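Chain A is the first sequence line, chain B the second, and so forth, proteins listed ahead of strands; every chain is numbered from 1. All of these numbers come straight from a predicted model, not from anything done at the bench.
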Amino acid sequence: MEVKLYNTLSRSKETFAPLVPNKAGMYVCGPTVYTYAHIGNLRSYIFADLLRRMLEYNGYEVTHVMNITDVGHLVSDADEGEDKLVEGAKREKKTPWEIAEFYTQDFMHSLEELNILPPTIVCKATDHIQEMLDFVKELYSRGFAYRIEGDGIYFDVSKLADYGKLSGQSLDELQAGARIEINEHKRHPADFALWKDAPPEHIMQWPSPWGPGYPGWHIECSTMSMKYLGKKIDIHTGGIDHVPIHHENEIAQSEALTGETWVNYWLHGEFLQVDGGKMSKSLNNFFTVSSLRERHFDPIAFRFMCLNAHYRTPLNFTWEGMSAAHTALQRLRQAYQQLPTSPDQPSPQLAAKFHKAINDDLNVPLALSYAWEAARSDEPGSKALLDQFDQVLGLNLNAAPLQQELPPELKALLEERNQARANKNWAQSDQLRDQLTSKGVTIKDSKDGTHWEYKPQ
RNA sequence: GGCGGCAUAGCCAAGCGGUAAGGCAGAGGACUGCAAAUCCUUUACCCCCAGUUCAAUUCUGGGUGCCGCCUCCA
């Protein structure tokens with residue numbers, strides 16, 4: 001079945017045609033590891049994970065490459081200012097290397113908690129300095145870049161006729177809309193740094209033909225993508241915010257180097273909003289996987305929430321919505337787990353609908369509705385069908401529900417209530433149940449005894 | 001100022017020319033000592049105005065509102 005993907009480059013859905021039959025290479029723009037990854041960042045990686053799983057569901061052998069940016073992100077505009085890693089290091093009184101390592105681990109752990117499959121290759125910018133330098137030297141020697149003394153090597157965007165093709169902005173428009181010029185030495189405001197000179201006190205620096213320095217932000221993606229996936233790649237993903245600057249610049253330098261189209265399909269995920277606006281530390285709405293855990297949510301419930309919306313529409317995060325997702329996930333899992341295991345073949349009709357939905361530019365919300373249909377179906381092969389669906393959804397449908405220990409005092413209350421019930425003292429038993437409910441314990445009496453669910457407030 | 005996105009039931013959200021998937025919440029019923037859980041049933045004329053069409057939530061034009069990017073950001 002054909003796979004359709006919305007390509008930012010053409011602003012339309014296109015049928016996916018891989019460079020090599022049955023194989024797909026995808027490069028996922030990874031995080032800059034100077035602070036904790038928040039759930040907005042994570043939405044993007046859930047999207048990339050769904051893409052990868054969908055391709056594998058279609059039988060493609062996927063090479064999934066993700067970078068870790070552990071150097072080179074600059075703080076202020078015009079490629080001036082301090083490296084974010086350096087800034088983080090100063091803040092926490094650690095070396096940039098320690099900062100990067102710490103947050104990389106945290107990030108990888110978050111991916112795991114969200115059931116995001118580990119990329120085939122995870123590559124760090126600092127491990128590819130030589131390759132980046134080679135890349136820059138090549139562009140420089142061929143006249144696509146120029147040096148600003150005492151500053152660095154800049155890419156000359158005017159050397160490319162189609163700069164701006166991804167975001168739909170021409171150089172003229174960029175020029176017209178440019179804010180006050182900071183760096184007067186640049187030939188065009190859109191010119192960007194490939195390599196920066198490092199002042200002596202700069203901790204992360206490497207020798208280069210132009211003296212000690214460090215790489216610009218965009219160069220790592222082009223370099224590592226070409227190293228691991230070749231000069232042309234199938235798919236490149238990232239957040240919608242990367243379209244205008246980062247990806248535009250990646251295209252510029254890459255296509256300048258190879259002289260041909262670099263990426264066939266550009267896919268971008270929309271933002272996660274919080275209470276209708278942007279997530280930021282100052283608004284105190286900066287949430288991480290740990291924040292979810294603190295509120296006793298299964299991180300997969302956040303994944304569920306993301307699956308419920310298409311990756312190209314903004315999704316509004318609220319705790320109310322999180323709660324709804326949590327409830328829905330528990331119910332779906334329970335329904336799945338209560339289905340009988342059967343040797344029968346799954347319903348081909350439903351399987352086909354599901355397949356069609358995910359292949360249609362990842363219409364996962366629709367696919368999810370078919371999962372509900374299967375979960376509530378009497379068809380004999382429904383459980384097997386859901387197993388199949390879960391390869392893409394990644395909701396761990398067979399996960400055991402979180403059984404938490406009941407604190408001793410609540411356990412005692414529960415015992416007391418069971419006594420009261422045995423004595424048919426309904427008034428007392430109901431009163432005890434109210435107490436337990438108010439403490440977050442949900443009581444379920446059944447023929448084979450009393451069950452409970454505990455969710456601390 | 002430039003570029004882009006979004007507007008569908010109380011909430012989240014698919015669909016995108018032929019009269020609206022799914023989830024959460026709510027209502028009714030079954031079950032229960034009563035509940036909870038579960039199961040069944042049930043809840044929308046799709047921001048406004050104009051146009052195209054036999055037919056528009058779905059296309060075109062114009063509004064209004066919200067969000068994002070143009071400085072690092074998923």
Side-chain angles (χ1 to χ4, degrees), chain A residues 8 11 28-32 34-35 37-48 69 72-84 87 164 167-170 172-179 182 189-190 217 237-246 268-273 276-280 304-305 307-310 312-318 320-332 334-335 338 353 357 360 363-373 376 421 424-427 429-430 433-434 436-437 441-447 450-453:
Chain A
T8 305
R11 305 212 177 262
V28 176
C29 256
T32 305
Y34 66 101
T35 187
H38 61 246
I39 55 176
N41 298 313
L42 265 3
R43 184 189 182 197
S44 285
Y45 301 105
I46 289 173
F47 146 57
T69 300
H73 261 126
L74 299 160
V75 171
S76 66
D77 58 359
D79 300 317
E80 295 292 339
E82 250 181 325
D83 202 287
K84 280 198 168 174
E87 193 191 48
S167 60
Q169 281 180 294
S170 71
D172 289 347
E173 284 169 342
L174 286 167
Q175 185 101 50
R179 63 200 185 290
I182 302 286
W217 170 34
T237 74
I240 191 78
D241 55 324
H242 278 157
V243 174
I245 303 289
H246 185 47
H268 294 95
E270 254 293 350
F271 265 62
L272 180 80
Q273 293 174 202
K278 194 176 178 175
M279 181 167 355
S280 74
F304 183 95
M305 188 184 202
L307 301 202
N308 206 222
H310 188 88
R312 280 193 290 112
T313 36
L315 171 62
N316 191 23
F317 178 90
T318 60
E320 190 193 359
M322 192 59 218
S323 192
H326 190 265
T327 304
L329 176 63
Q330 294 310 327
R331 285 190 187 156
L332 187 62
Q334 190 174 335
Q338 285 172 353
K353 282 196 209 170
D360 181 17
N363 193 339
V364 181
L366 186 59
L368 195 56
S369 76
Y370 299 134
W372 282 103
E373 199 175 324
R376 289 173 175 163
R421 289 192 76 230
K424 296 195 190 294
N425 186 345
W426 308 126
S429 113
D430 289 354
R433 181 172 60 202
D434 287 346
L436 284 161
T437 305
V441 183
T442 308
I443 300 295
K444 303 173 190 176
D445 296 325
S446 72
K447 290 204 172 69
T450 298
H451 298 281
W452 52 266
E453 260 174 28

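- Using the Watson-Crick or G-U wobble rule with both distances under 3.5 Å, A14(B) pairs with nothing in any strand shown.
- Remark: Arg312(A) pairs with Asp361(A) by the salt bridge (charged side-chain N to carboxylate O under 4.0 Å, His left out) rule, at least two apart or across chains.
- Base pairing of A74(B): no nucleotide in any strand meets the Watson-Crick or G-U wobble criterion (both distances under 3.5 Å).
- Distance check, rounded to the nearest 0.5 Å: CD1 of Ile39(A) to OH of Tyr45(A) gives 14.5 Å.
- Minimum heavy-atom separation, Cys29(A) to Gly238(A): CB-CA, 4.3 Å.
- When Watson-Crick and G-U wobble pairs are counted only if both distances are under 3.5 Å, U32(B) pairs with no nucleotide at all.
- Base-pair partner of G26(B): U42(B) (Watson-Crick or G-U wobble, both distances under 3.5 Å).
- When the C1' atom is compared between A25(B) and A44(B), the two are found 16 Å apart, to the nearest whole Å.
- Within 4.0 Å of Gly238(A), counting heavy atoms only, lie sugar-phosphate atoms of the nucleic acid but no base atom.
- Remark: the separation of the P atoms in G26(B) and U60(B) is 40 Å, to the nearest Å.
- For the pair His242(A) NE2 and G68(B) P, the interatomic distance rounds to 16 Å; values are reported in whole Å.
- Taking a pair to require two hydrogen-bonding distances under 3.5 Å in either a Watson-Crick or a G-U wobble arrangement, G61(B) pairs with C49(B).
- Thr237(A) meets the side chain to side chain contact (heavy atoms under 4.5 Å, CB included) test with Val28(A), Phe47(A), Ala48(A), Leu51(A), Ile235(A), Leu267(A); sequence neighbours excluded.
- The CZ-C1' distance, from Arg312(A) to A74(B), rounds to 17 Å in whole Å.
- Rounded to the nearest Å, the gap between the C1' atom of G29(B) and that of C6(B) is 40 Å.
- Scanning for salt bridge (charged side-chain N to carboxylate O under 4.0 Å, His left out) contacts around Asp430(A) gives Arg433(A), with sequence neighbours left out.
- In this structure, Arg421(A) and Thr450(A) have side chains that are in contact, with non-hydrogen atoms separated by less than 4.5 Å.
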Using a 4.0 Å cut-off on protein heavy atoms (strictly under), produce a 5'-to-3' string for nucleotides 31-36 of chain B with B for base contact, S for backbone-only sugar-phosphate contact, and - for none.
--BBBB
Given protein heavy atoms under 4.0 Å, the one-letter contact record of nucleotides 13-28 of chain B, with B base, S sugar-phosphate only and - none, is simply SSS-----BBSSS---
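- Between the side chain of Thr327(A) and the main chain of Ser323(A), a donor-acceptor pair closer than 3.5 Å is present.
- Between the P atoms of C59(B) and C66(B), the separation comes to 23 Å (whole Å).
- As rounded to whole Å, 20 Å separates atom P of C3(B) from atom CZ of Phe271(A).
- With rounding to whole Å, Phe317(A) atom CZ is found 18 Å from C11(B) atom P.
- In this structure, the side chains of Asp241(A) and His268(A) stay at 4.5 Å or more apart for every pair of heavy atoms.
- Rounded to whole Å, the P atom of G15(B) lies 14 Å from the corresponding atom of U8(B).
- Taking atom C1' in both A7(B) and C16(B), the straight-line distance is 14 Å, to the nearest Å.
- The partner of G4(B) is C67(B), by the rule that a Watson-Crick or G-U pair needs both atom distances under 3.5 Å.
- Spacing of C1' atoms, U42(B) relative to C24(B), comes out at 16 Å, to the nearest Å.
- The same atom, P, is picked in U43(B) and in A36(B); the two are 22 Å apart, to the nearest Å.
- Without hydrogens or angle criteria, Asp360(A) side chain to Asn363(A) main chain gives no donor-acceptor distance under 3.5 Å.
- Per the geometry, CG belonging to Asp241(A) stands 12 Å off P belonging to G68(B), to the nearest Å.
- Nearest-nucleotide mapping onto RNA chain B: of Thr318(A) and Gly40(A), the residue sitting toward the 5' end is Thr318(A).
- Here the closest heavy-atom approach between residue Ala357(A) and residue Ala367(A) is recorded as CB-N, 3.9 Å.
- One can place CZ of Arg43(A) at 14 Å from P of C12(B), the figure rounded to the nearest angstrom.
- As a whole-Å value, the separation of Ile240(A) CD1 from G5(B) C1' is 7 Å.
- Applying the salt bridge (charged side-chain N to carboxylate O under 4.0 Å, His left out) criterion to Arg43(A), with sequence neighbours excluded, gives no partner residue.
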